[in-house]
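Order of appearance sets the numbers: ligands from 1, and atoms from 1 within every ligand.
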Amino acid sequence: MERTFLMIKPDGVQRNLIGEIIRRFEAKGFTLIGLKLMNVSKELAEKHYEVHKDRPFFPGLIEYITSGPVTAMVWEGNGVIASARKIIGATKPLEAEPGTIRGDYGVTVGRNLIHGSDAPETAQTEIALWFKDEELASWQPSLTPWIYE
Ligand code: DAT
Ligand code: MG
(Lines give C-alpha, C1' and ligand atoms only; values in the text may rest on other atoms or scores of the structure.)
(Ligands and ions follow the chains in the order given, each with its own letter.)
Protein backbone atom coordinates (compact mmCIF):
# COMPACT_ATOMS: atom_id res chain seq x y z
CA MET A 1 0.00 0.00 0.00
CA GLU A 2 1.22 3.46 -0.88
CA ARG A 3 1.66 6.11 1.80
CA THR A 4 1.74 9.90 1.70
CA PHE A 5 2.49 12.73 4.08
CA LEU A 6 -0.19 15.41 4.46
CA MET A 7 0.03 18.46 6.68
CA ILE A 8 -2.81 20.86 7.51
CA LYS A 9 -0.98 24.18 7.66
CA PRO A 10 -1.48 26.78 10.44
CA ASP A 11 -4.28 28.57 8.54
CA GLY A 12 -6.23 25.32 8.18
CA VAL A 13 -5.93 24.71 11.92
CA GLN A 14 -6.84 28.31 12.85
CA ARG A 15 -9.84 28.26 10.51
CA ASN A 16 -11.26 25.13 12.18
CA LEU A 17 -10.88 23.05 9.03
CA ILE A 18 -9.08 20.04 10.58
CA GLY A 19 -12.24 17.95 10.74
CA GLU A 20 -13.47 18.97 7.30
CA ILE A 21 -10.12 18.17 5.69
CA ILE A 22 -9.72 14.81 7.44
CA ARG A 23 -13.31 13.99 6.49
CA ARG A 24 -12.51 14.30 2.78
CA PHE A 25 -9.69 11.76 2.90
CA GLU A 26 -11.66 9.40 5.13
CA ALA A 27 -14.70 9.63 2.87
CA LYS A 28 -12.56 8.87 -0.19
CA GLY A 29 -11.56 5.58 1.39
CA PHE A 30 -7.99 6.27 2.45
CA THR A 31 -6.67 5.09 5.80
CA LEU A 32 -5.25 7.39 8.46
CA ILE A 33 -2.18 5.79 10.04
CA GLY A 34 -0.44 8.77 11.64
CA LEU A 35 -1.81 11.97 13.19
CA LYS A 36 -0.43 14.69 15.44
CA LEU A 37 -1.02 18.34 16.21
CA MET A 38 2.31 20.06 16.70
CA ASN A 39 4.21 23.30 16.58
CA VAL A 40 6.91 23.26 13.93
CA SER A 41 10.48 24.33 14.67
CA LYS A 42 12.31 26.56 12.21
CA GLU A 43 14.75 23.69 11.61
CA LEU A 44 11.98 21.23 10.69
CA ALA A 45 10.20 23.76 8.46
CA GLU A 46 13.45 24.57 6.64
CA LYS A 47 14.25 20.90 6.15
CA HIS A 48 10.73 20.13 4.89
CA TYR A 49 10.87 22.96 2.34
CA GLU A 50 14.60 22.57 1.57
CA VAL A 51 14.00 22.40 -2.23
CA HIS A 52 12.59 25.93 -2.10
CA LYS A 53 15.39 27.44 0.00
CA ASP A 54 16.63 29.78 -2.73
CA ARG A 55 13.18 31.03 -3.76
CA PRO A 56 12.15 34.58 -2.82
CA PHE A 57 9.08 33.32 -0.94
CA PHE A 58 11.12 30.97 1.32
CA PRO A 59 11.42 33.27 4.40
CA GLY A 60 7.69 34.01 4.32
CA LEU A 61 6.89 30.33 3.85
CA ILE A 62 8.96 29.37 6.92
CA GLU A 63 7.35 32.14 8.97
CA TYR A 64 3.89 30.90 7.94
CA ILE A 65 4.54 27.22 8.67
CA THR A 66 6.01 28.03 12.10
CA SER A 67 3.29 30.56 13.01
CA GLY A 68 0.98 28.10 14.78
CA PRO A 69 0.28 24.41 15.15
CA VAL A 70 -0.01 22.17 12.10
CA THR A 71 -1.71 18.78 11.78
CA ALA A 72 0.81 16.25 10.50
CA MET A 73 -0.65 13.08 9.01
CA VAL A 74 0.26 9.91 7.17
CA TRP A 75 -2.41 8.37 4.94
CA GLU A 76 -2.36 5.01 3.22
CA GLY A 77 -4.15 3.63 0.15
CA ASN A 78 -3.81 2.66 -3.48
CA GLY A 79 -2.63 5.68 -5.44
CA VAL A 80 -2.93 7.90 -2.38
CA ILE A 81 -0.03 10.22 -3.33
CA ALA A 82 -1.47 11.44 -6.65
CA SER A 83 -5.07 11.24 -5.48
CA ALA A 84 -4.39 13.38 -2.40
CA ARG A 85 -2.74 16.00 -4.63
CA LYS A 86 -5.96 16.09 -6.70
CA ILE A 87 -8.14 16.38 -3.58
CA ILE A 88 -5.86 19.23 -2.38
CA GLY A 89 -5.89 21.11 -5.70
CA ALA A 90 -3.45 23.44 -7.45
CA THR A 91 -0.78 25.32 -5.49
CA LYS A 92 -2.44 28.68 -6.14
CA PRO A 93 -5.94 28.50 -4.62
CA LEU A 94 -7.46 30.83 -7.23
CA GLU A 95 -6.33 28.34 -9.88
CA ALA A 96 -7.51 25.31 -7.89
CA GLU A 97 -10.76 23.75 -9.07
CA PRO A 98 -13.87 24.18 -6.92
CA GLY A 99 -14.37 20.93 -5.05
CA THR A 100 -10.71 20.74 -4.09
CA ILE A 101 -9.58 21.83 -0.62
CA ARG A 102 -7.60 24.82 -1.87
CA GLY A 103 -10.30 25.63 -4.45
CA ASP A 104 -13.03 25.63 -1.81
CA TYR A 105 -11.26 27.37 1.08
CA GLY A 106 -8.23 29.31 -0.15
CA VAL A 107 -7.46 32.57 -1.90
CA THR A 108 -3.69 33.13 -1.82
CA VAL A 109 -0.67 30.88 -2.37
CA GLY A 110 0.81 31.97 0.95
CA ARG A 111 -2.24 30.60 2.81
CA ASN A 112 -3.05 27.46 0.86
CA LEU A 113 -4.14 25.34 3.80
CA ILE A 114 -2.51 21.97 3.25
CA HIS A 115 0.64 20.23 2.05
CA GLY A 116 0.75 16.87 0.26
CA SER A 117 3.81 14.90 -0.89
CA ASP A 118 4.25 15.08 -4.66
CA ALA A 119 5.92 11.73 -5.49
CA PRO A 120 6.86 8.37 -3.92
CA GLU A 121 10.42 9.52 -3.06
CA THR A 122 9.30 12.74 -1.39
CA ALA A 123 6.52 10.90 0.45
CA GLN A 124 9.07 8.50 1.91
CA THR A 125 11.47 11.31 2.88
CA GLU A 126 8.71 13.45 4.41
CA ILE A 127 7.12 10.61 6.39
CA ALA A 128 10.56 9.81 7.86
CA LEU A 129 11.17 13.50 8.62
CA TRP A 130 7.88 14.04 10.48
CA PHE A 131 7.11 10.65 12.07
CA LYS A 132 8.95 7.97 14.01
CA ASP A 133 8.09 4.38 12.99
CA GLU A 134 6.35 3.77 16.33
CA GLU A 135 4.06 6.78 15.75
CA LEU A 136 2.45 5.02 12.79
CA ALA A 137 -0.47 2.69 13.47
CA SER A 138 -0.76 -0.64 11.73
CA TRP A 139 -4.40 -1.57 11.16
CA GLN A 140 -6.73 -3.03 8.60
CA PRO A 141 -10.02 -1.06 8.48
CA SER A 142 -13.04 -3.35 8.47
CA LEU A 143 -14.42 -1.50 5.43
CA THR A 144 -11.44 -2.51 3.26
CA PRO A 145 -13.39 -5.17 1.26
CA TRP A 146 -16.02 -2.50 0.53
CA ILE A 147 -13.43 -0.09 -0.83
CA TYR A 148 -11.10 -2.52 -2.67
CA GLU A 149 -12.23 -5.50 -4.73
P1 DAT B 1 2.68 22.52 -3.43
O2 DAT B 1 2.45 22.91 -2.00
O3 DAT B 1 1.41 22.59 -4.24
O4 DAT B 1 3.41 21.22 -3.59
P5 DAT B 1 5.20 23.82 -4.12
O6 DAT B 1 5.89 22.59 -3.66
O7 DAT B 1 5.56 24.36 -5.47
O8 DAT B 1 3.61 23.66 -4.07
O9 DAT B 1 5.47 25.00 -3.09
C10 DAT B 1 5.45 24.74 -1.70
C11 DAT B 1 4.74 25.86 -1.00
O12 DAT B 1 5.48 27.08 -1.17
C13 DAT B 1 3.36 26.17 -1.54
O14 DAT B 1 2.36 25.34 -1.00
C15 DAT B 1 3.18 27.60 -1.14
C16 DAT B 1 4.58 28.18 -1.29
N17 DAT B 1 4.76 28.78 -2.60
C18 DAT B 1 4.99 28.14 -3.78
N19 DAT B 1 5.08 29.01 -4.80
C20 DAT B 1 4.92 30.23 -4.25
C21 DAT B 1 4.91 31.57 -4.76
N22 DAT B 1 5.08 31.80 -6.05
N23 DAT B 1 4.69 32.57 -3.89
C24 DAT B 1 4.51 32.35 -2.57
N25 DAT B 1 4.52 31.12 -2.01
C26 DAT B 1 4.71 30.08 -2.84
MG1 MG C 1 5.35 20.69 -3.09
Participant: Go through Phe30 and Trp75 one step at a time and tell me if the ring-ring contact (aromatic ring centres under 6.0 Å, His included) criterion holds.
Facilitator: CA-CA 6 Å; Phe30 293 134; Trp75 287 84; 7.4 Å; no

Participant: Suppose I only count heavy atoms of Lys9 and a 4.0 Å limit; which atoms of ligand 1 are within that range?
Facilitator: 14 (O)

Participant: If you take the nearest heavy atom of each of Arg55, His52, Arg111, His48, which one is closest to atom 10 (C) of ligand 1?
Facilitator: His52

Participant: Taking the six-membered ring of Tyr64 as reference, does the cationic atom of Lys9 (NZ for Lys, CZ for Arg) lie under 6.0 Å from its centre and within 45° of its axis?
Facilitator: no

Participant: Tell me the protein heavy atom at minimum distance from atom 13 (C) of ligand 1, and give that distance in Å.
Facilitator: Asn112 ND2, 3.6 Å

Participant: Looking only at protein heavy atoms, identify the closest one to atom 2 (O) of ligand 1 and say how far it is in Å.
Facilitator: Arg102 NH2, 3.1 Å

Participant: I need the atoms of ligand 1 closer than 4.0 Å to a non-hydrogen atom of Leu61, numbered in the order shown.
Facilitator: 12 (O), 16 (C)

Participant: From atom 25 (N) of ligand 1, work out which of Tyr49, Phe57, Tyr64 has a heavy atom at the shortest distance.
Facilitator: Phe57

Participant: If only atom types and distance count, is the side chain of Lys28 paired as donor or acceptor with the main-chain N or O of Val80 below 3.5 Å?
Facilitator: no

Participant: Among protein heavy atoms, which lies nearest atom 23 (N) of ligand 1, and at what distance?
Facilitator: Val109 CG1, 3.5 Å

Participant: Got the closest protein heavy atom to atom 8 (O) of ligand 1, with its distance?
Facilitator: Thr91 OG1, 3.2 Å

Participant: Does the distance from a Lys or Arg side-chain N to an Asp or Glu carboxylate O, for Glu50 and Lys53, drop under 4.0 Å?
Facilitator: no

Participant: Around atom CD of Glu20, are there more than 12 heavy atoms from other residues, nucleotides or ligands closer than 6.0 Å?
Facilitator: yes

Participant: Write out the residue and atom name of the closest protein heavy atom to atom 4 (O) of ligand 1, then the distance separating them to 0.1 Å.
Facilitator: Arg85 NH1, 2.7 Å

Participant: Any idea how Phe5 and His48 line up, ring-wise: parallel (<30°), tilted (30 to 60°), or perpendicular (>60°)?
Facilitator: perpendicular

Participant: Start with the C-alpha distance between Lys47 and Glu43, add both sets of side-chain angles, then the distance that settles salt bridge (charged side-chain N to carboxylate O under 4.0 Å, His left out), and finish with yes or no.
Facilitator: CA-CA 6 Å; Lys47 198 153 207 184; Glu43 294 67 37; over 6 Å; no

